[in-house]
Amino acid sequence: MPAEEPAVLAENLRKRYGDTRALDGFDLTVAPGTVHGLLGPNGAGKTTAVRVLATLLRPDSGTARVAGFDVVRQAGQARYRLGLVGQHAAVDELLSGRQNLEMFGRLYHLSAADARRRAGELLERFRLAGTGGKPVTQYSGGMRRRLDLAAGLILAPPVLFLDEPTTGLDPRARNEVWDAVRRLAASGTTVLLTTQYLEEADQLADRVSVIDHGRAIAEGTPDELKHRLGADRIDVVLHSLADLPAASALLARIAGAEAETDPDRRLVSVPVRDRMAALGELVPALASAGITAEDVALRRPTLDEVFLHLTAEQKEAVA
Amino acid sequence: MTMTLTAPSRSPLARLRWAFTDGWTITRRDLTHWANQPVQFVVNLLFSVMVLLMFGFLFGGAMSVPGGGGYQDFLVPGVLALTMVFGVEATFTAVSTDAQRGVTDRFRSLPMAPSAVVLGRCTADLLNAVLTLAALVVAGLLMGWRWHNGFAAALAAFGLLLLLRLAMLWLGIYLGLVTRSPEAVMALQILVWPLGFLSNAFVAPSTMPGWLGTIAEWNPLSATAAATRELFGNPGWGGEGWLAQHPLLLALLWPAVLTAVFCPLAIRRYRNLSR
Ligand SMILES: Nc1ncnc2c1ncn2[C@@H]1O[C@H](COP(=O)(O)OP(=O)(O)OP(=O)(O)O)[C@@H](O)[C@H]1O
Ligand SMILES: [Mg+2]
């Protein structure tokens with residue numbers, strides 16, 4: 001693949017189900033060797049996008065290329081270069097982990113010996129070697145997910161699609177999947193990963209596309225997206241709930257912006273343009289107003305806030 | 001540790017070879033299921049044998065067969081045909097489980113031959129049908145059932161039975177892809193079981209109330225049962241009607257019609273998974 005050819009390219013993809021526009025002019029560019037996060041709420045169109053890119057679904061219009069091959073017209077070629085790990089673990093429950101991997105290896109047209117060797121390697125790598133002989137029905141959710149991931153990696157494909165790889169996993173299993181993704185990325189695999197978790201995108205992705213109502217509404221590095229909110233924030237946790245209105249007014253005056261309050265946590269939060277100057281002004285101001293703060297924190301906005309902001313922007317634009 | 005990519009081959013001959021190789025991989029998956037769950041496998045085989053024994057010994061005494069002869073001579077071909085029809089449940093369960101679990105989607109994302117999924121399913125289910133027939137034949141022989149027209153005719157009878165099973169296979173694949181829910185096998189049973197018994201498998205359609213008897217006469221299962229009775233040289237119900245007079249023709253026609261309807265439907269359904 002030429003260096004300038006993106007690993008994944010989607011242009012103006014559209015897909016309708018009856019009145020639902022699952023994809024509504026979806027664009028995406030993923031550079032080779034990067035991890036790209038596709039972030040969106042339920043029903044945003046993440047799975048639909050991945051299914052189109054993985055050659056499982058024909059778009060109504062628009063084009064998509066994976067590793068340089070058109071997913072509709074050159075589906076066969078594209079399939080040799082992509083791995084898919086769907087939203088639900090797609091392995092044969094009645095086979096053992098090893099039997100699953102050997103079968104899929106054969107269907108990737110590996111020789112029997114290669115398929116066996118590859119299954120062994122992957123079981124080892126995903127720490128399933130000990131349980132590889134057991135039927136999948138006896139696997140835990142995390143083990144199943146890891147097996148699923150292994151099955152997507154049989155050919156060590158240059159492009160891997162992961163649809164919500166950690167949904168429903170406990171923190172330990174989630175970390176295992178994250179580690180696996182990081183190692184893949186380090187070995188040069190391009191990963192497109194969908195998620196509803198902002199933390200996950202933040203942790204794993206070099207770049208993130210935010211998808212809503214079937215189109216990408218923002219794209220950038222996690223840091224860039226955070227910057228789109230325009231500001232860092234100062235959080236002040238008060239000693240006494242009674243000080244909340246006074247503190248809120250004070251912070252609003254210093255920042256020149258509306259302050260948000262959370263009475264349950266006795267928290268006042270405000271976006272600031274010049275973080276250090278605002279902080280320098282705030283601390284003495286609080287003291288001279290006789291307000292005791294338990295904690296004053298300067299922080300970047302979370303992706304959650306970015307996401308709420310972006311989707312709200314989108315709604316306003318539509319309205 | 002990188003795997004060498006087999007360049008996708010475009011020649012028709014290579015494609016055909018891969019269709020068979022991949023189909024065999026899919027078939028082997030079912031064989032491995034059987035090996036992994038030997039108890040389940042044997043229970044499935046014994047279920048048909050149990051139906052045979054139950055009807056043979058519980059009801060055999062109460063049944064009189066026209067033109068004399070033992071009830072088992074009449075019963076065995078009926079149960080063989082019944083088992084072929086019930087096979088639709090196995091096909092349905094396998095196909096809908098794969099569709100629901102996403103295994104079908106995984107197959108579709110692989111560079112394998114698309115026809116291999118169906119080819120593998122056919123081979124595995126027909127192999128299973130052959131084993132089930134073998135178990136039933138052994139049980140039947142032990143009960144005193146015999147074929148009387150020679151081995152070639154008996155072989156033709158088994159051919160007709162497998163033809164019916166093949167027709168049921170397309171129906172099973174189609175319904176499995178439509179529902180994508182293995183739980184729906186309950187609903188399928190509610191449909192299939194009455195059809196199994198509203199036939200000439202156990203009793204003469206002429207003994208049934210008018211319209212039920214008509215259904216039983218038209219039932220594809222009845223056609224195959226009557227045809228195999230003729231080929232085995234076992235007693236049948238006879239009858240005056242055109243249907244009763246042409247069992248062999250019907251036993252070929254019915255599966256052909258079912259296949260002509262459901263095979264294209266199943267293939268279209270599989271293709272439409274990408275819609
Ligand atoms: N086969 C289908 N038939 C009808 N509607 C569909 C189908 N698949 C998806 N949709 C609709 O298309 C929209 C996008 O669905 P999609 O599954 O892509 O969302 P998602 O972002 O993956 O959501 P989730 O986070 O819940 O997995 C939804 O409104 C969904 O209801
Ligand atoms: Mg989804």
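To find a chain, count down the sequence lines: A is the first, B the second, and so on, and within it residues start at 1.
Residue Q138(A) qualifies as enclosed at atom CD: its count of foreign heavy atoms under 6.0 Å is above 12. More than 12 non-hydrogen atoms from other residues, nucleotides or ligands lie less than 6.0 angstrom from CZ of F202(B). Residue R14(A) qualifies as enclosed at atom CZ: its count of foreign heavy atoms under 6.0 Å is above 12. Atom CZ of R182(A) has more than 12 neighbouring heavy atoms from other residues, nucleotides or ligands inside a 6.0 Å radius.
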Using a 3.5 Å cut-off and no angle test, enumerate the donor-acceptor pairs between side-chain atoms of residues 129-136 of chain B and protein atoms at least two apart in sequence or in another chain.
unit_1	atom_1	unit_2	atom_2	d
T132(B)	OG1	N128(B)	O	2.7
T132(B)	OG1	N128(B)	OD1	3.2

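With hydrogens and angles ignored, the 3.5 Å screen pairs a side-chain donor or acceptor of R79(A) with a backbone N or O of R108(B).
With a 4.5 angstrom heavy-atom cutoff, E93(A) touches chain B only via side-chain atoms. Interface remark: N36(B) contributes side-chain atoms only to the contact with chain A (heavy atom separation under 4.5 Å). Residue R106(B) touches chain A through its side chain alone, counting heavy-atom pairs closer than 4.5 Å. Contacts of S187(A) with chain B are absent, with no heavy-atom separation under 4.5 Å from either backbone or side chain. For A151(A), the parts sitting under 4.5 Å from any heavy atom of chain B are the backbone and the side chain alike. Using a 4.5 Å cut-off between heavy atoms, D60(A) makes no contact with chain B at all.
Counting heavy atoms from C-beta outward, H109(A) and D22(B) have side chains that approach closer than 4.5 Å. Annotation: side chain of I26(B) is in contact with side chain of L107(A) (closest heavy-atom distance under 4.5 Å).
In terms of heavy-atom pairs under 4.5 Å with chain A, the best-connected choice from S274(B), A113(B), A116(B), P114(B) is S274(B). Listed options G102(B), P111(B), A35(B), S109(B) were ranked by heavy-atom pairs under 4.5 angstrom with chain A; first place goes to P111(B). With chain B as the partner, the residue from Q87(A), E102(A), Q99(A), K15(A) showing the most heavy-atom pairs under 4.5 Å is Q99(A). Ranked by heavy-atom pairs under 4.5 Å with chain A, the first of T21(B), T104(B), T32(B) is T32(B). Contact count against chain A (heavy-atom pairs under 4.5 Å) is highest for V103(B) among L273(B), D98(B), V103(B), T97(B).
Checked options R29(B), Q37(B), Q40(B); the residue passing with L94(A) is Q37(B) (criterion: side chain to side chain contact (heavy atoms under 4.5 Å, CB included)).
Note that the CG atom of L110(B) and the OH atom of Y108(A) stand 5.0 Å from one another [nearest 0.5 Å]. In this structure, the separation between CZ on R106(A) and CZ on R28(B) is 6.0 Å, given to the nearest 0.5 Å. Atom CG of D105(B) sits about 9.0 Å away from atom CG of L57(A), to the nearest 0.5 Å.
A salt bridge between D92(A) and R101(B) is absent, with no side-chain N of the basic residue lying under 4.0 Å from a carboxylate O of the acidic one.
Every pair passing salt bridge (charged side-chain N to carboxylate O under 4.0 Å, His left out) that includes a residue from residues 111-123 of chain B is listed here, sequence neighbours excluded: D30(B)-R121(B), R121(B)-D125(B).
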